[in-house]
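Reading through the C-alpha cells given below for one structure.
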Amino acid sequence: MTTIGIIGAGHIGSQLARLAVQHGHDVVIANSRGPETLTDLVDELRALGGAATGTTGGSAAGSTGGSARAATRDEAAAAGEIVVVTTPLAAIETIPVEPLVGKVVIDTNNYYPGRDGDIPALDDETTTTAELLQDHLPGARVVKAFNHIGAADLTGHATPAGTPGRRALVVAGDDAEAKRVVTELIDAFGFDVVDAGPLAEGWRIQRDTPGYGPRFTAEELRAKLAEATRG
Ligand SMILES: NC(=O)c1ccc[n+]([C@@H]2O[C@H](COP(=O)([O-])OP(=O)(O)OC[C@H]3O[C@@H](n4cnc5c(N)ncnc54)[C@H](OP(=O)(O)O)[C@@H]3O)[C@@H](O)[C@H]2O)c1
C-alpha cells in the first residue's frame, strides 16, 4: 500500500482521498487553511477506511482499508510516496519543491482564467497546465490525470476492470515509470486508462476539448483525443 499526499482538499482532493482509503492507501491531506479545518473530512475518511477493513480505525494489520490524517502542505508533500496537486491553478507556486524531488506527482489542474487570472503562456498555448507544474517542480515526475472527470463521477463512475463500457481516464507525462504507477492507481480506482503521450500533449484533454467532461470508454476517448484541435 502507498502513502498518498494530497494537496488540496476540495471537490477533487476529497474524492481522491475517499477512493484512496477505500483501496487501502494511507492519505495525508492538506488545504490552505490548515489541518484543523479538515477534521470532518478526516473523520469521514477514517470511517471509510475502517469500513473497507471491516473494522474501525483504518489500516490495522492485515486490513485492506487505508488511514487518513490532515497535515500541512509541506507535510503532505514530504509524507506522500505519490503526491496529488489538486488546488486552483494559481496556487501551484506554493507547492513545496524539495520534498517532491524524484516523486510521482499527479496534476489534476485546469485553467479557468476567471478563477485563476490570465496566464499568458496558457492563453497563447505555448505550454500546458501540467508543464507549468513540472517547471515549478523540476525534480518531480509529473503526470497529468483526473483533470477531465467531474468530482462526483470519480466515485459514481468507478467500476471493476473488465466491466463492459467501463469509463476511461487520460494520463499524460514524460516519465514512463511514473505513468505506469498512475495507470495502476487509476485502474484500481475503477477506470481504464488512455495514454495521451508526453506532458506537452496534455492540451488534448484540457478544458473545451471533445474528451473533457463526458463519460467515454477507452476507444471513444482515444478518438476524442485525436479530434482535439488547439487554439
Ligand atoms: N471540481 C471538479 O469537478 C474538477 C474536476 C477535474 C479537475 N478539477 C481541477 O482540479 C483542481 C482542484 O479543483 P477542485 O474543484 O477540487 O477545487 P476546490 O473544490 O476549490 O478545492 C481547492 C482546494 O485547494 C486548496 N488550496 C487552495 N490553495 C492552496 C494552497 N496554496 N495550498 C494548499 N491547498 C490549497 C483549498 O483549500 P482551502 O479550502 O483551505 O482554501 C481546497 O481544499 C482545479 O484546478 C480544477 O480545475 C476540478
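Order of appearance sets the numbers: ligands from 1, and atoms from 1 within every ligand.
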For [X] and [Y], does a side-chain donor sit closer than 3.5 Å to a side-chain acceptor?
X     : Y      : result
Gln15 : Thr155 : yes
Thr72 : Asp74  : no
Asp26 : Ser67  : yes
Thr37 : Asn31  : yes

For [X], atoms of ligand 1 separated by under 4.0 Å from a heavy atom:
X      : value
Asn109 : 11 (C), 44 (C), 45 (O)
Gly150 : 3 (O)
Pro88  : 22 (C), 24 (O), 27 (C)
Ile149 : 5 (C), 6 (C)
Phe146 : 6 (C), 7 (C)
Ile7   : 33 (C)
Thr94  : 30 (C), 31 (N), 32 (N)
Asn147 : 6 (C), 7 (C)

For [atom], the protein heavy atom that lies nearest, with its residue and separation:
atom                    : result
atom 39 (O) of ligand 1 : Arg33 NH2, 3.0 Å
atom 3 (O) of ligand 1  : Ala151 N, 2.9 Å
atom 29 (C) of ligand 1 : Ser32 CB, 3.6 Å
atom 8 (N) of ligand 1  : Asn110 ND2, 3.6 Å
atom 10 (O) of ligand 1 : Thr108 OG1, 3.0 Å
atom 28 (N) of ligand 1 : Ala91 CB, 3.6 Å
atom 43 (O) of ligand 1 : Ala9 N, 2.8 Å
atom 1 (N) of ligand 1  : His11 CB, 3.7 Å

More than 12 heavy atoms from other groups under 6.0 Å of CD on Glu219:
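Not buried by this count: 12 neighbours or fewer within 6.0 Å.
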Evaluate whether atom CD of Glu36 has more than 12 neighbouring non-hydrogen atoms of other residues, nucleotides or ligands under 6.0 angstrom away.
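Above 12, so yes.
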Counting only non-hydrogen atoms of the protein, does one fall under 4.0 Å from atom 21 (O) of ligand 1?
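Answer yes: something from the protein, a heavy atom, is under 4.0 Å.
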Ignoring hydrogens and geometry, is there a side-chain-to-backbone donor-acceptor pair from [X] to [Y] under 3.5 Å?
X      : Y      : value
Arg167 : Pro214 : yes
His148 : Val170 : yes
Lys103 : Pro99  : yes

Check if Arg115 has a non-hydrogen atom at a distance under 4.0 Å from any atom of ligand 1.
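Per 4.0 Å heavy-atom rule, Arg115 contacts ligand 1.
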When you measure from the heavy atoms of Tyr111 to every atom of ligand 1, does any distance fall below 4.0 Å?
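Checking ligand 1 against Tyr111, which is what was asked, there is no heavy-atom contact under 4.0 Å.
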Tell me which one of Ile6, Ile12, Leu16, Leu38 gets a heavy atom nearest to atom 4 (C) of ligand 1.
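Ranked by closest heavy atom to atom 4 (C) of ligand 1, first place is Ile12.
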Pair Asp175 + Arg180: basic N to acidic O under 4.0 Å:
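No, this pair does not count.
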Taking the basic N atoms (NZ, or NE/NH1/NH2) and the acidic carboxylate oxygens, is any pair closer than 4.0 Å for Lys144 and Glu131?
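Looking at Lys144 and Glu131, the cut-off is not met.
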Residues in ring pair (Phe, Tyr, Trp, His ring centres under 6.0 Å) contact with Tyr212, at least two apart in sequence or another chain:
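Ring pair (Phe, Tyr, Trp, His ring centres under 6.0 Å) check on Tyr212 returns nothing, list empty.
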For ligand 1, note which part of Arg73 has a heavy atom under 4.0 Å away: side chain, backbone, both or neither.
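The answer is the side chain of Arg73.
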Measure the acute angle between the ring planes of Phe189 and His23, then classify it against the limits of 30° and 60° as parallel, tilted or perpendicular.
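It falls in the tilted class, 30° to 60°.
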For ligand 1, which is the ligand I care about here, please tell me if His148 has any N or O atom under 3.5 Å from one of the ligand's N or O atoms.
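No - when backbone and side-chain N and O of His148 are compared with those of ligand 1, no distance drops under 3.5 Å.
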